[in-house]
Amino acid sequence: MGVSMDTAKAWVERWELQQQRYAVDREERFTVITDVVERATAGRTRPLLLDLGCGPGSLSARLADRLPQAEIVAVDMDPLLLELGRTHHSDSARYVDTVIGEEGWTDALGLERPLDAAVSTTALHYLPEPVLLDTYRRLAALLRPGAVLVNGDHFPPDEAPCADLTAYVGRRRAERTGGHAHEDWQSWWTAAARDPELADLFAEREQRLAGLGGGAGDEDLTTGRHAALLRQAGFRHVTPVWQFGDSAVLVAVKDDAGT
């Protein structure tokens with residue numbers, strides 16, 4: 001069910017444009033995440049990084065460009081996006097097909113040493129809060145002391161009356177930078193479903209999604225609630241390092257003394 005390099009390139013490029021509609025200052029967010037990882041792994045000869053919910057490898061590719069010595073494991077459950085990543089960003093990461101949060105998902109990663117950093121962008125909000133807490137705990141166990149968990153996503157403010165303001169500021173920013181001009185999420189998937197080269201992968205994706213079931217994620221968890229869950233999971237040090245509107249990068253540092 002592989003795809004050609006030309007096909008993968010075309011669909012990944014369309015994915016990049018489509019995602020600009022939803023992630024405010026997406027490229028800057030990627031850059032900030034990479035800055036944090038670069039700082040946290042300074043002096044390590046071959047840092048081990050985990051990209052959670054990697055999609056077609058957008059963040060992994062940027063990490064690999066900045067940190068070519070890093071070993072990157074990129075994980076997702078979407079067979080179509082994973083195949084696009086494996087083909088178009090084949091040198092960036094080792095791609096792993098598993099469902100984050102399911103029983104035994106960390107075993108599928110095949111890690112042979114502690115992680116130096118775990119990163120995610122607009123992916124963990126799909127997890128219900130109890131599953132998110134368990135995921136944070138499992139990541140704390142995989143990270144070496146002093147390593148970081150970096151999560152870039154949309155986090156509503158802790159004070160509810162401010163939520164409309166941060167969302168509005170972010171939406172206006174997206175409009176000014178042209179994000180509104182690109183196709184949306186549904187249009188991208190509708191078009192992908194019509195590509196004969198992606199047909200088998202799309203069918204597998206639909207079958208897998210239908211079999212997952214489960215509850216919806218908690219997309220409205222605030223920055224403060226994420227920080228509380230991270231501390232409950234064992235991370236003593238949690239802070240946002242960048243924000244525009246409600247788009248933010250939240251960093252949790254594993255205590256040098258362990259968790």
Side-chain angles (χ1 to χ4, degrees), residues 1-3 5 7-34 37 49-67 70 72-102 105 108-109 117-127 131-132 135 139 149-154 174 179 182-193 195 197-198 200-209 212 217 219 247 249:
M1 289 190 292
V3 298
M5 294 183 67
T7 295
K9 179 177 184 292
W11 283 107
V12 169
E13 288 177 350
R14 285 179 66 169
W15 176 269
E16 294 284 332
L17 291 174
Q18 173 254 123
Q19 286 289 291
Q20 291 180 29
R21 291 178 62 100
Y22 305 104
V24 178
D25 274 359
R26 180 173 182 258
E27 202 61 46
E28 180 65 14
R29 183 198 286 174
F30 282 149
T31 299
V32 170
I33 291 172
T34 306
V37 173
L49 316 179
L50 177 64
D51 182 3
L52 298 151
C54 65
S58 302
L59 180 53
S60 288
R62 289 161 173 81
L63 287 166
D65 285 344
R66 178 87 70 88
L67 304 167
I72 303 173
V73 179
V75 56
D76 207 297
M77 56 74 62
D78 191 310
L80 192 153
L81 295 180
L82 280 171
E83 189 60 32
L84 293 179
R86 287 191 186 103
T87 305
H88 186 61
H89 295 305
S90 58
D91 295 333
S92 298
R94 173 170 62 86
Y95 294 88
V96 176
D97 185 347
T98 192
V99 181
I100 297 168
E102 282 202 345
W105 74 272
L109 302 178
V119 301
S120 184
T121 179
T122 58
L124 297 183
H125 64 246
Y126 291 109
L127 302 178
V131 180
L132 180 63
T135 299
L139 291 171
L149 169 58
V150 192
N151 187 13
D153 213 325
H154 291 87
H182 307 306
E183 66 182 332
D184 61 18
W185 168 272
Q186 188 57 54
S187 298
W188 190 94
W189 282 107
T190 299
D195 188 328
E197 200 170 340
L198 303 181
D200 289 344
L201 289 164
F202 188 83
E204 182 183 349
R205 177 183 191 270
E206 292 294 290
Q207 182 178 12
R208 186 173 298 186
L209 289 176
L212 279 177
E219 298 187 35
S247 180
V249 175

Where V99 and M77 come nearest, the two heavy atoms and their spacing: CG2-CB, 3.7 Å
message: Under the rule for salt bridge (Lys or Arg N to Asp or Glu O under 4.0 Å), what residues qualify as partners of R62, not counting sequence neighbours?
response: E16, E27
statement: Tightest non-hydrogen contact, residues H89 and G57, listed as CD2-O, 3.6 Å
- prompt: What pair of heavy atoms forms the shortest contact from V131 to G101, and how long is it?
  reply: CG1-CA, 3.7 Å
query: With sequence neighbours excluded, what pairs up with W185 under the ring pair (Phe, Tyr, Trp, His ring centres under 6.0 Å) test?
result: W15, W189
message: Do T122 and R29 have side chains that approach each other closer than 4.5 Å (heavy atoms only, starting at C-beta)?
response: yes
query: What distance do L82 atom CG and T87 atom OG1 have between them, rounded to the nearest 0.5 Å?
result: 10.5 Å
- prompt: Got a second to check how far D76's CG is from D51's CG, nearest 0.5 Å?
  reply: 8.5 Å
- line: On a heavy-atom basis, the closest approach of P56 and V12 is CB-CG2, 4.0 Å
Stepwise side-chain contact (heavy atoms from CB on, under 4.5 Å) check, E183 with L17: CA-CA 8 Å; E183 66 182 332; L17 291 174; over 6 Å; no
- prompt: Do you know the tightest heavy-atom contact between I72 and A64?
  reply: CD1-N, 3.7 Å
- request: Apply the side-chain hydrogen bond (donor to acceptor under 3.5 Å, both in side chains) test between S58 and each candidate in R26, H88, Q19; give the one that qualifies.
  value: R26
field: Flag, side chain of S60 to backbone of S92, donor-acceptor distance under 3.5 Å
entry: no
- request: Determine, step by step, whether L80 and E204 satisfy the side-chain contact (heavy atoms from CB on, under 4.5 Å) criterion, reporting the C-alpha distance in whole Å, the side-chain angles of both residues, the deciding distance to 0.1 Å, and the verdict.
  value: CA-CA 8 Å; L80 192 153; E204 182 183 349; over 6 Å; no
message: With rounding to the nearest 0.5 angstrom, report the OG to CG distance, S120 to L59.
response: 8.0 Å
task: To the nearest 0.5 Å, tell me how far W11 CH2 sits from L81 CG.
output: 11.5 Å
query: Among pairs that include at least one residue of residues 86-102, which meet salt bridge (charged side-chain N to carboxylate O under 4.0 Å, His left out), considering only residues two or more places apart or in two chains?
result: E83-R86, D97-R208
task: Indicate the atoms forming the closest heavy-atom contact of Y95 with C54, along with that distance.
output: CD2-SG, 4.1 Å
query: Roughly how far apart are L124 CG and I100 CD1, rounded to 0.5 Å?
result: 6.0 Å
- request: Using a 4.5 Å cut-off on heavy atoms from C-beta on, say whether the side chain of L52 contacts that of T135.
  value: no
- request: Find the distance between CG (L139) and CG (N151) and round it off to the nearest 0.5 Å.
  value: 10.0 Å
